[in-house]
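First comes the structure, then the notes that go with it.
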Amino acid sequence: MYAEVVVNLLNRKLDRVFHYSIPSALEKRLREGMQVLVPFGPQTVDGYVVGLTETAEVEKTRDVLEIVEEEPVFSREMLALARWMSKTYLCTMVDALHVVMPPGLKLRSKKFLSLNNPDADLKNKIFAKIMTGADTELKDKVAAVLELLSVRGKAEIKSLEQQYGKKPVEYLARILKENGWGEVNTRFAAKARKKKVKQVMLPENERDDIEELIHNLALKAPKQAEVLKILASDSPVTLPELKEMGCSPTAVHALQEKGLIKIEEIEDIRDPFQECRPVEYEPPKQLTSEQAEVLADISCSIERGTSDVFLLHGATGSGKTEVYLQAIDKALIMGKQAIFLVPEIALTPQMVQRVRGRFGEKVAVLHSALSLGERFDQWRQIKEGAVQVVVGARSAVFAPVPKLGLIIVDEEHESTYKQEENPKYHAREVAIYRSRMAGCPVILGSATPSVESYYLAREGKYKLKTMPNRIGNRPMPEVHIVDLRREMEQGNRSIFSSRLQEEIAAVLQKKEQIILFLNRRGYSTFVVCRDCGFVVKCRYCNISLTYHAHGEKMICHYCGYKAKVPQVCPVCRSKHIRYFGLGTQRVEDEIKKLFPQARVLRMDVDTTSRKGAHEKILTDFAAGKADILIGTQMIAKGLDFPKVTLVGVISADTSLNLPDFRAAERTFQLLTQVAGRAGRAGAPGKVIVQTYAPAHYSVRTAQKHDFPGFYGIEIETRREMEYPPFSRLLRIVISGFDENKVIRAAHILAENVQAQLRGVEERLEQPLLGPAPAPLTKLRNKYRWQLCIKAKNRKVFGPLVDSALYKSGLREQFNDLKFNVEIDPQSLL
DNA sequence: AGCACGCCGACT
DNA sequence: GTCGGCGTGCTC
Ligand SMILES: [Zn+2]
Ligand SMILES: [Zn+2]
């Protein structure tokens, strides 16, 4: 028998299986999914058993050295999932395996240098040898390393190098190895470990005469008697618990010495909810007929175990959550588990509350704030079936539930479901893959479905369920559009229209709250005519050209098309055609000028970089510690703010004109979400959207809460421009310190890709965009260029990258550049 | 990736 | 002549 092993080294050339023979001692124990140590060239490395076969494809094989843990780190299903991910998302098998494994079990190696013999004799011999060679400066340092080593016998090479520098350590290591005086050993360790606790109990045979024992001890050793008394009524008890009850460790120890108590070490499962328990039970709600109808279909799929994908399009407040919760309940009744994905746990505390309120102790929440140990324990609890509902952000899609009965992807349109690092998976796709493997349905829920999902639903690939009515028929908030071109005409140069200023003043007067939105950071600027709203776009890519102050130029970040900023607007001949860019700081400054008495909170990348900063800002605002909250999209998903009666969107244009093919979609989503923030139960809120493009379909349809209307127009632009869902995209970002090199590599790569594309069937009209400077042209001192490839089917991307980038020798030729290959990029920003 | 091997310049 | 620079090539 041979073991097929994937080694834990991150290199494309090593991304394949290696065959190892299995020594007889391991033959019975070795299984697929285990972590092993294997010899690899001159070193020992850790790896994963991905298969057991009768034949090896190579002549010579070496033995598996060691099994790291008897418990496999992935099941056959998860292995298949990893294989699928590495193929689909163009990542290495190790990268894919690492996300399906228990967190924290990835081994890290440490190298130690040791002397074979700690006596002075050997030390002197080595010292003499050092003195014969090397220059004096080096000699002193090597001698210092030797001195330390002779005292400790063994030391970690990394820390030695940190203290003395690389050279002397390497030098000494070589001398020791060459003469057999010492050696280098590698040790492997995982970051996460089981937490242990000592448990104290009475031996079985002691129960009967415990009273007598206590009585006998009471005089001479009252403390010990006390311990026994506690144990007599409640055994076993953990050592920390005993201490808390006032028992001294010496008393416990003495009892153990006498053999009157037993102490065992058991695992102490870390409990992240310790602080916030219990949650009040929230009983199921009566469903509306709309909800009941949807639930009936989903329940049917759960019962029959069919892997249907439901796209649940429900307006804000239409009661999607209750449908989710009752569907989960169905799965639990079937003896199965459910996975519930949310975009970001930190921003959806009320959703987590509701799930826990319904299912209580059966819920595990995978929070990014969990410690590694907590996550490790949660993972194993889930694996053992001790937990029935798993709530978490994208990585929770890998929760190893034993019997998957349902997956919910809430706010399925959110781009946070796409991981930006390897493996660059989309949690929605992984969810669907898992549902097929397990035979269970998936619910994709959103008030503003992604164009891709909605398209697939219309094509009949997903089951479309619509819940257009809000519970209790609450009216949708009124959305007012303010035409910024008119403001310009009327001589208002402030970033706030007179309408918005009036409304802000009125709300402040009433002591209610205001949220002002600005999308993203204003790093991307575009050129707009202040009189007619015309925005300069690329004629090839249909995205806004990005303004560069450098030489009054505009550039398309998809294809590289360049143009000069026009002197007059090509549509209305106005001279007021200028770039536009806006940051939250600027909004705050203007607010302070206009309303000096208002208390303002700002929430953006700058103010939320510290951990837990968002939560603080949001809770402060909810507690009424400020009148106005200024922020980016982040707030849109956040908590409910009942006192907010006015929401202002400073400029829909910053979102609308992001140089990205999803700009219109993102804008529609943003405006809809924002509208959902305004007003609660009693008072319907007001939403004011300022824009230079009041007639744009994203703005118009969002105002009327008309998703189908938006979709109908958007899908046609996508079709025309061959953007998803009519194509799949692949983006390659090339970055490096040498700009010329980056540009050269980008152009060669583009040529190679072009050549490869000629062989692709079902070619699109314009399958290659670029090379062009990336929207963030220089990031951390590295120059960035990108190209974007479109194809009907993403299967072509794997072989294409393989030929154009690797087999062509380009990757080797430019080995100091970074080539970031991203399939299905969520945006090309 | 990480380690060995190997082939050249600048020191004893 | 030796030391040590890092280009090249391989790992079941
Ligand atoms: Zn104009
Ligand atoms: Zn273009």
Side-chain angles (χ1 to χ4, degrees), chain A residues 1-23 26-27 30 32 34-68 86 91-98 106-113 129-142 145 156-158 160-161 164-180 182-188 421-423 806-807 809-820:
Chain A
M1 272 298 232
Y2 296 94
E4 293 181 317
V5 174
V6 169
V7 292
N8 186 16
L9 293 173
L10 293 168
N11 184 296
R12 218 190 120 88
K13 283 186 175 167
L14 301 177
D15 185 31
R16 57 198 179 90
V17 296
F18 290 90
H19 295 258
Y20 287 88
S21 34
I22 304 169
L26 300 184
E27 201 153 31
L30 195 71
E32 192 178 274
M34 278 182 178
Q35 248 176 327
V36 289
L37 298 187
V38 291
F40 197 66
Q43 45 180 335
T44 299
V45 298
D46 62 305
Y48 308 98
V49 178
V50 297
L52 296 168
T53 54
E54 292 293 339
T55 51
E57 282 144 35
V58 280
E59 297 274 298
K60 277 187 194 158
T61 56
R62 295 165 80 184
D63 275 359
V64 171
L65 294 176
E66 203 179 304
I67 290 172
V68 177
S86 81
C91 68
T92 61
M93 194 58 187
V94 237
D95 272 335
L97 284 173
H98 284 154
K106 185 170 79 182
L107 294 184
R108 281 153 205 278
S109 63
K110 272 187 183 172
K111 289 187 177 53
F112 291 85
L113 185 58
K129 175 79 182 177
I130 294 166
M131 287 308 154
T132 63
D135 57 273
T136 24
E137 217 185 302
L138 189 59
K139 265 180 210 167
D140 290 348
K141 282 189 180 169
V142 178
V145 180
E156 200 201 330
I157 289 184
K158 267 251 178 65
L160 286 177
E161 284 179 347
Y164 300 98
K166 239 179 158 116
K167 269 183 203 163
V169 180
E170 271 173 6
Y171 186 86
L172 183 61
R174 214 186 58 234
I175 290 181
L176 295 184
K177 268 195 277 184
E178 277 172 5
N179 297 280
E183 56 188 357
V184 175
N185 297 93
T186 313
R187 262 204 270 158
F188 294 87
E421 305 87 52
N422 279 327
Y806 293 98
K807 286 196 187 126
L810 185 69
R811 183 63 237 242
E812 272 177 83
Q813 189 190 338
F814 292 95
N815 58 10
D816 51 341
L817 299 185
K818 204 176 168 238
F819 294 82
N820 191 356

When rounded to the nearest 0.5 Å, the distance separating NE2 of A/H98 from NZ of A/K106 is 5.5 Å

Quick one: does any side-chain atom of A/T44 pair with a main-chain N or O of A/P39 as donor and acceptor, under 3.5 Å? no

Does the side chain of A/K111 get closer than 4.0 angstrom to OP1 or OP2 of B/dC3 through an N or O atom? yes

Measuring from the side chain of A/F18 (C-beta onward, heavy atoms only), which nucleotide among B/dA1, C/dG4, C/dT11 has the closest atom? C/dT11

Starting from P on C/dC12, measure out to CD on A/E4 and report it in whole angstrom. 15 Å

Distance in angstrom units between A/L10 CG and B/dA1 P, rounded: 8 Å

So among A/L52, A/D63, A/V36, which one has a side-chain contact (heavy atoms from CB on, under 4.5 Å) with A/I22? A/L52

What's the closest nucleotide to the A/R174 side chain, out of C/dT11, C/dC12, C/dG4? C/dG4

Would you say a side-chain N or O of A/Q43 is under 4.0 Å from OP1 or OP2 of B/dC3? yes

State whether A/R16 places a side-chain N or O below 4.0 Å from either non-bridging phosphate oxygen (OP1 or OP2) of C/dT11. no

Quick one: A/L9 CG to C/dT11 C1', roughly how many Å, whole number? 9 Å

Measure CG/A/N11 against C1'/C/dT11 and give the value in whole Å, please. 11 Å

Over how many whole Å does the gap from A/N185 atom CG to B/dG2 atom P extend? 17 Å

Do we get A/R811 above A/F819's six-membered ring, with its NZ or CZ under 6.0 Å from the centre and within 45° of the axis? no

Distance check needed: C/dG9 P versus A/K13 NZ, whole Å only. 9 Å

Expressed in angstrom and rounded to an integer, what is the separation of A/N815 atom CG from C/dG9 atom P? 13 Å

From CZ of A/R108 across to C1' of B/dA1 the rounded distance in Å is 15 Å

Under 4.0 Å between any heavy atoms, over every strand shown, what does A/F40 touch: base, sugar-phosphate, or nothing? Just pick one. base

